[in-house]
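Notes for the one structure printed next.
Heavy atoms only: backbone and side chains are in, while hydrogens, waters and symmetry mates are out. It should be emphasised that the depicted structure is a prediction, and the values quoted were computed from it without experimental measurement. Convention: sequence-line order gives letters A, B, ...; per-chain numbering from 1.
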There are 2 protein chains.
Amino acid sequence: MSASSRPRRPTVEDVAAVAGVSRGTVSRVLNGGHYVSPDAAAAVQRAIRKTGYVVNQHARSLVTQRSDSVAFILSEPQERLFEDPNFNVLLRSCTQELAERDITLLLTIAGTQADRQRVGRWVTAGHVDGVLLVSEHAGSPLIDELRSRGLPIVACGRPIGHEREISYVAADDRDGARQMVSYLRSRGRRTIGIITGPLDTPGGVDRLAGYRDVIGEPDPRLVGTGDYSQASGEAAMDDLLRRAPDLDAVFVCSDLMALGAVSALHHAGKRIPDDVAVGGFDDSKAALTSTPSLTTIRQDFTRVSAEMVRLLLATIGTENRSAVTLPTDLIIRNST
Amino acid sequence: MSASSRPRRPTVEDVAAVAGVSRGTVSRVLNGGHYVSPDAAAAVQRAIRKTGYVVNQHARSLVTQRSDSVAFILSEPQERLFEDPNFNVLLRSCTQELAERDITLLLTIAGTQADRQRVGRWVTAGHVDGVLLVSEHAGSPLIDELRSRGLPIVACGRPIGHEREISYVAADDRDGARQMVSYLRSRGRRTIGIITGPLDTPGGVDRLAGYRDVIGEPDPRLVGTGDYSQASGEAAMDDLLRRAPDLDAVFVCSDLMALGAVSALHHAGKRIPDDVAVGGFDDSKAALTSTPSLTTIRQDFTRVSAEMVRLLLATIGTENRSAVTLPTDLIIRNST
DNA sequence: TCCCACACTGTGAGCGCTCCCAGAATCACT
DNA sequence: AGTGATTCTGGGAGCGCTCACAGTGTGGGA
């Protein structure tokens with residue numbers, strides 16, 4: 001009954017029989033067609049179409065020891081994924097970049113500790129040949145687990161505490177921050193605050209470092225921290241205004257937080273950029289469409305994706321790690 | 001060199017040797033531990049830990065003919081995913097629901113035609129035991145391809161044109177629309193417009209049908225169409241106001257579009273709800289936090305997810321299809 | 001005492017595929 | 001005609017696992 005409704009899938013053997021050739025020849029056709037006569041190849045192609053044959057990936061992977069898929073692991077509570085437009089670009093570009101090489105990208109969300117364990121087991125069970133790691137906070141045990149299995153990994157952004165162990169691709173956060181703060185200075189701003197991201201992420205520490213490069217040791221009144229969400233940006237701005245009512249510019253380390261900061265400034269009756277200039281980071285769509293449009297720093301996530309994929313595929317098979325840092329660009333708009 | 005840096009993974013045989021038992025016993029421990037003596041089981045567990053053994057999923061799948069994963073296929077340009085909060089809930093709940101049964105969910109995005117082909121091949125190569133299909137527009141060929149392979153499918157929302165072929169779980173869109181429009185009527189509104197979703201989606205046609213159930217054959221001036229995006233809601237509302245300046249209520253078929261409609265109404269100088277009452281659909285977070293808060297229809301996507309998973313797992317192994325329609329609830333807030 | 005049920009264990013077979021090697025056929029030169 | 005290179009083909013082996021089955025040992029009931 002079940003056998004009649006779901007018939008046995010055709011195998012290479014079946015295709016071979018229909019095509020009048022052997023298993024080996026069918027396999028050769030399936031894998032590039034070298035050393036196969038045109039006649040045989042055509043017969044096999046016909047037989048594949050006729051039988052509706054599709055390769056059994058498990059059988060193939062069992063012998064080749066590779067799965068032709070890579071995991072895109074997001075170890076972050078899921079909401080962030082949907083709030084942050086950067087993930088969007090990153091995910092799309094990586095998928096694209098891999099599809100061109102006939103490799104499938106599998107998105108896996110490992111928000112909770114339990115998730116991370118499950119994902120760890122799943123990944124090491126052979127499902128993927130490598131891992132793209134996104135937004136891994138410092139000290140997560142997942143990296144160690146994956147490394148102990150010898151799995152190729154490429155991280156997006158500097159993996160704090162693991163810089164010398166795993167490959168990564170990062171935009172030049174520090175230089176971007178320097179560019180922004182220097183620019184604000186050059187426009188005559190003197191009391192420049194900062195709203196950083198979480199300080200266990202590279203975007204948090206490196207952008208703060210860039211700010212310091214220009215400002216020097218900052219007045220603690222001028223430093224606030226958010227978690228990249230709009231709400232946290234608004235709260236941090238409120239705090240900053242309370243502590244330092246005299247500030248005339250603020251560098252907010254993400255556009256989304258900058259949007260929050262803008263509305264906090266509005267509520268406080270400040271004009272932008274007349275009273276307070278606001279600089280963001282990311283060059284997200286929101287930065288362009290907001291009122292006023294946001295001066296920001298562009299990170300080229302399409303290039304980041306391409307580099308990540310290139311690096312991962314290079315890492316699969318060899319054992320070297322490397323790091324790439326891509327430039328960031330200042331985009332000047334109306335908020336400064 | 002490569003052999004020394006990435007040592008051969010331990011196999012059941014290795015574990016068996018360390019534990020001093022046979023292959024079969026290790027396998028039995030791995031699969032529930034029935035008919036294994038406590039001593040043997042303990043020895044195997046110790047050996048697993050010592051060797052760092054992880055099952056080779058490909059070898060297992062090859063013999064069991066199942067992969068213990070299911071695909072979550074999103075055949076929609078990717079941006080929608082990130083705009084629509086419903087996807088978020090759906091994805092999270094399904095992952096959760098499946099994880100409890102030790103099944104992995106693989107998210108796959110098939111936005112373009114080429115993607116859909118790749119995904120079709122990938123799915124039929126045995127990577128997954130079943131498919132959760134989300135937001136499949138009418139007439140997509142993916143459904144036919146998957147069906148011809150005998151793959152268990154459960155759709156989210158009524159799959160237009162395939163209702164009798166594949167299982168699905170849907171919220172009661174039509175009744176939700178009826179509730180909303182009846183409610184607007186009961187509040188004394190007489191000229192009630194509608195902004196529908198795309199009319200090749202069940203959410204598009206069914207909510208319009210519910211509106212008709214209450215209104216009867218509608219004045220074409222009162223019917224606008226959007227694509228669920230905020231921008232399209234705003235545009236459709238502008239149109240509606242131009243064509244029917246006298247309307248005193250509008251039922252907008254998604255909260256996101258309703259937000260757009262609200263801003264269009266504001267620009268036109270209309271007060272909400274005094275001049276025009278606005279009803280949404282989805283009960284998204286935005287509906288709650290917007291000004292004014294939005295009267296809307298709740299769809300319980302957590303329950304939808306649970307039902308989808310239940311149905312899919314039931315379908316895997318049997319050949320029956322079924323359909324579940326879950327109730328929708330009116331949530332009254334300040335916009336009406 | 002014998003016998004059968006029951007708990008437990010080891011082993012052969014085989015899932016569907018690719019890799020490798022031996023051999024056949026073809027061709028170009030000696 | 002003989003030799004060697006080159007192209008092509010078939011089939012054995014084996015990837016790591018589970019399943020079925022045969023076999024061993026133990027205990028309880030006739």
Side-chain angles (χ1 to χ4, degrees), chain A residues 3 6-45 47-48 51-69 102 121 124-127 129 149, chain B residues 3 6-45 47-48 51-69 102 121 124-127 129 149:
Chain A
R6 232 188 281 172
R8 200 176 58 81
R9 295 174 47 159
T11 71
V12 271
E13 212 87 43
D14 299 325
V15 175
V18 171
V21 298
S22 76
R23 220 170 3 111
T25 301
V26 175
S27 178
R28 258 169 251 129
V29 171
L30 254 29
N31 294 284
H34 300 304
Y35 290 95
V36 179
S37 67
D39 281 5
V44 169
Q45 293 292 4
I48 287 177
T51 53
Y53 172 80
V54 180
V55 69
N56 180 323
Q57 187 60 47
H58 298 300
R60 174 179 278 175
S61 293
L62 184 56
V63 32
T64 60
Q65 305 279 26
R66 27 185 307 151
S67 64
D68 297 317
S69 343
D102 237 334
R121 253 189 307 132
T124 50
H127 280 108
D129 301 330
R149 300 289 174 179
Chain B
R6 233 187 282 171
R8 200 176 58 82
R9 295 174 48 159
T11 71
V12 271
E13 213 87 42
D14 298 327
V15 175
V18 171
V21 298
S22 76
R23 219 170 3 112
T25 300
V26 175
S27 179
R28 258 168 249 131
V29 171
L30 254 29
N31 294 284
H34 300 303
Y35 290 95
V36 179
S37 66
D39 281 5
V44 169
Q45 293 293 5
I48 287 177
T51 54
Y53 173 80
V54 180
V55 69
N56 181 323
Q57 187 60 45
H58 298 300
R60 173 181 279 175
S61 292
L62 184 55
V63 30
T64 59
Q65 305 279 25
R66 26 185 309 151
S67 64
D68 298 316
S69 351
D102 238 331
R121 253 189 308 132
T124 51
H127 280 107
D129 300 330
R149 301 289 173 178

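The side chain of Thr25(B) places an N or O atom within less than 4.0 Å of a non-bridging phosphate oxygen (OP1 or OP2) of dG10(C). The side chain of Gln65(A) contributes no N or O atom lying less than 4.0 Å from OP1 or OP2 of dT18(C). The side chain of Gln57(A) places no N or O atom within less than 4.0 Å of a non-bridging phosphate oxygen (OP1 or OP2) of dG16(C). The side chain of Ser27(A) contributes no N or O atom lying less than 4.0 Å from OP1 or OP2 of dC19(C). Contact annotation: Thr11(B) does not reach the phosphate of dC15(D) (side-chain N/O to OP1 or OP2, under 4.0 Å). Taking 4.0 angstrom as the limit, Tyr53(A) places a side-chain polar atom (N or O) nearer than this to OP1 or OP2 of dC17(C).
A heavy-atom distance below 4.5 Å is found between the side chains of Val12(A) and Tyr53(A). Within the 4.5 Å cutoff, the side chain of Asn31(B) has heavy atoms near those of the Arg60(B) side chain. At a threshold of 4.5 Å between non-hydrogen side-chain atoms, the residues Thr11(A) and Asp14(A) count as touching.
Atom pair Leu62(B):CG and dG16(D):P shows a separation of 12 Å (rounding to whole Å applied). The distance from atom CG of Asn31(B) to atom P of dA20(D) is 12 Å, rounded to the nearest whole Å. At whole-Å resolution of the value, CD1 in Ile48(A) and C1' in dG16(C) are 14 Å apart. Here dC17(C) presents its P atom at 21 Å from CZ of Arg60(B), a figure rounded to the nearest Å. Following rounding to the nearest Å, Tyr35(B) (OH) and dC8(C) (C1') show an atom-to-atom distance of 9 Å. Spacing between atom NE2 of His34(A) and atom P of dT7(D) amounts to 12 Å, rounded to whole angstrom units. Atom pair His58(A):NE2 and dT18(C):C1' shows a separation of 17 Å (rounding to whole Å applied). Following rounding to the nearest Å, Asp39(B) (CG) and dC8(C) (C1') show an atom-to-atom distance of 12 Å.
Checking dG10(D), dG10(C), dC19(D) against every side-chain atom of Thr64(B), the shortest atom distance belongs to dC19(D). In the set dG16(D), dC8(C), dT9(C), dG16(D) carries the atom at the smallest distance from any side-chain atom of Val63(B). Distance from the side chain of Ala40(A) is smallest for dT9(D) among the nucleotides dT11(C), dC17(C), dT9(D). Here the nucleotide nearest the side chain of Ser37(B), chosen from dG10(D), dT9(C), dG16(D), is dT9(C). With dT18(C), dG11(D), dC17(D) as the choices, the nucleotide that has an atom nearest any side-chain atom of Leu30(A) turns out to be dT18(C).
For the pair Arg9(A) (side chain) and Thr124(B) (backbone), a donor-acceptor distance under 3.5 Å is present.
A donor-acceptor contact under 3.5 angstrom links the side chains of Asp129(B) and Ser67(B), judged on distance only.
Donor-acceptor pairing under 3.5 Å, judged by distance alone, is absent between the side chain of Arg23(B) and the base of dT11(C).
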